[in-house]
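So the structure is just underneath, and the comments pick up after that.
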Amino acid sequence: MLQYFSETAPLLLVGCGHMGRAMAQGWLRAGVPADHLYVVDPQADPVSLPGSRADHFVASAGMLPRGMKARAIVMAVKPQVMNDALPLMAPFIGDDTLVLSVAAGVTLEQMARGTGGEGTCVRVMPNTPAAIGEGISGVTAAPGISEVDRALALELMDATGEAVWIEHEDQMDAVTAVSGSGPAYVFYMVECLAAAGVRQGLPEATAMALARQTIIGAGHLLDAETDLEAAELRRRVTSPGGTTAAALDVLMRDDGLGQLMERAVAAARKRGQELAG
Ligand SMILES: NC(=O)C1=CN([C@@H]2O[C@H](COP(=O)(O)OP(=O)(O)OC[C@H]3O[C@@H](n4cnc5c(N)ncnc54)[C@H](OP(=O)(O)O)[C@@H]3O)[C@@H](O)[C@H]2O)C=CC1
Ligand SMILES: O=C(O)[C@@H]1CCC=N1
């Protein structure tokens with residue numbers, strides 16, 4: 001990825017909140033030199049991004065070096081401010097510039113309107129485990145994107161974990177609902193499991209320690225056992241007639257977790273569609 005950027009054709013991050021910072025950490029870890037990374041954010045706090053250059057953090061686009069054309073601009077602002085934020089980037093978009101948006105719901109068409117049709121738009125849906133190189137992103141663009149730009153978009157997101165190309169943009173709201181929002185479902189699972197432990201008589205701290213490490217350990221096991229499906233790992237916990245079977249009888253019934261997850265993911269996807277503007 002190093003070959004794509006330079007001081008005069010840098011990587012420009014717009015919005016360095018939870019998601020923007022998580023990605024920038026991944027890029028710096030992947031070897032993007034701090035000299036080749038600029039950040040625009042009203043909060044502009046380089047301390048939050050170790051390894052970055054303080055003088056490359058600016059509070060507004062107007063404070064970026066004049067005449068600079070970015071090789072890639074990654075828009076990580078809220079969907080609701082995208083229509084205002086995109087036109088401000090126009091001076092930094094050249095023929096060669098890739099404009100990526102990670103905003104839920106924001107479509108390629110909306111991006112093209114915001115950039116005035118300049119540059120090449122790419123829509124991405126990452127997730128926050130990107131901060132530790134364990135993210136997964138869905139990436140899509142109009143069919144005419146060049147091989148080089150497609151490779152750059154995938155490499156940018158690969159640097160934060162894995163990246164998968166999504167052929168049809170209309171699947172991006174489903175990607176958002178599964179993997180973009182997904183980490184929150186897992187963290188809520190920790191909260192619910194701990195709360196259930198407390199209800200069964202465990203001290204709060206003990207219940208949280210048990211729930212937390214159970215999710216961490218299960219995730220690592222899933223990662224380590226690459227040949228085994230999640231369903232097989234589940235079966236290996238489940239002794240016939242045992243305790244897990246009793247719990248799964250509750251979770252797997254018709255109105256159980258499967259149905260609840262289906263409704264939750266459908267709600268997230270619908271909200272993504274509503275955020276398009
Ligand atoms: N959080 C997540 O897990 C994921 C988020 N996303 C997407 O990432 C985007 C950002 O979300 P998230 O990081 O959670 O939000 P945050 O609010 O944490 O970060 C957004 C940042 O952008 C700043 N900002 C606002 N306007 C501008 C502007 N015009 N120029 C530059 N910076 C600006 C905000 O500053 P201020 O606070 O002062 O407004 C804030 O620091 C959203 O579009 C979301 O859909 C995608 C996948 C996962
Ligand atoms: O909640 C949201 O809208 C964003 C998009 C995916 C995760 N967070």
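Nothing here was measured: the structure is a model prediction, and the numbers come from that model. Every number for a ligand or one of its atoms is a count from 1 in the order of the listing.
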Among Pro183, Gly180, Gly182, closest by any non-hydrogen atom to atom 6 (C) of ligand 2: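 Going through Pro183, Gly180, Gly182 one by one, Gly180 has the nearest heavy atom to atom 6 (C) of ligand 2.
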
Nearest-option assignment for atom 25 (C) of ligand 1, heavy atoms, candidates Val40, Val77, Val74: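 Going through Val40, Val77, Val74 one by one, Val77 has the nearest heavy atom to atom 25 (C) of ligand 1.
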
Is there side-chain contact between [X] and [Y], with heavy atoms separated by less than 4.5 Å?
X: Val39; Y: Ser52; result: no
X: Tyr4; Y: His36; result: no
X: Tyr38; Y: Leu64; result: yes
X: Val102; Y: Val74; result: yes
X: Ile145; Y: Thr120; result: yes
X: Met68; Y: Pro10; result: yes

Any donor-acceptor pair under 3.5 Å from Arg29 side chain to Ala131 backbone: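 Pair found, side chain donor or acceptor close to backbone of Ala131.
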
Whether Asn127 side chain and Ile136 backbone form a donor-acceptor pair below 3.5 Å: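 At least one qualifying donor-acceptor pair exists.
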
Distance-only donor-acceptor check, side chains Gln110 and Asn83, under 3.5 Å: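 Per modelled atom types, Gln110 and Asn83 side chains form a pair under 3.5 Å.
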
Run the numbers for me: atoms of ligand 1, each under 4.0 Å from some heavy atom of [X], listed by number.
X: Val14; value: 30 (N), 31 (C)
X: Thr128; value: 2 (C), 3 (O)
X: Ala85; value: 29 (N)
X: Pro126; value: 46 (C), 47 (C), 48 (C)

May I ask you to check whether [X] has an N/O atom sitting below 3.5 Å from an N/O atom of ligand 1?
X: His18; answer: yes
X: Met125; answer: no
X: Asp41; answer: yes
X: Pro42; answer: no

In the protein, what heavy atom is nearest to [atom], and what distance, to one decimal place, separates them?
atom: atom 37 (O) of ligand 1; result: Gln43 NE2, 3.5 Å
atom: atom 12 (P) of ligand 1; result: Lys78 NZ, 3.8 Å
atom: atom 45 (O) of ligand 1; result: Ala104 N, 2.9 Å
atom: atom 19 (O) of ligand 1; result: Gly17 CA, 3.2 Å
atom: atom 46 (C) of ligand 1; result: Val102 O, 3.2 Å
atom: atom 4 (C) of ligand 1; result: Met19 SD, 3.7 Å
atom: atom 22 (O) of ligand 1; result: Gly15 CA, 3.4 Å

Those atoms of ligand 2 less than 4.0 Å from some heavy atom in Ala104: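 Matching atoms, with element in brackets: 5 (C).
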
Ligand 1 contact on Ala76 by region, counting heavy-atom pairs under 4.0 Å: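 The backbone, only.
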
Salt-bridge criterion met for Lys78 and Asp41 (N-O under 4.0 Å):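 Asp41 and Lys78: not salt-bridged.
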
Carboxylate-amine/guanidinium proximity below 4.0 Å for Arg71 and Asp96: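 Salt bridge present between Arg71 and Asp96.
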
Partner of Ile73 under side-chain contact (heavy atoms from CB on, under 4.5 Å), chosen from Leu11, Leu13, Val14: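 By the side-chain contact (heavy atoms from CB on, under 4.5 Å) criterion, Ile73 pairs with just one of Leu11, Leu13, Val14: Val14.
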
Heavy-atom protein neighbour under 4.0 angstrom from atom 2 (C) of ligand 2: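 Under 4.0 Å from atom 2 (C) of ligand 2, zero protein heavy atoms found.
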
Under-4.0 Å heavy-atom contact between protein and atom 39 (O) of ligand 1: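 No, there is no protein heavy atom closer to it than 4.0 Å.
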
Distance in Å, His56 NE2 paired with Glu7 CD, rounded so as to fall on 0.5 Å steps: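 One gets 6.0 Å once the value is rounded to the nearest 0.5 Å.
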
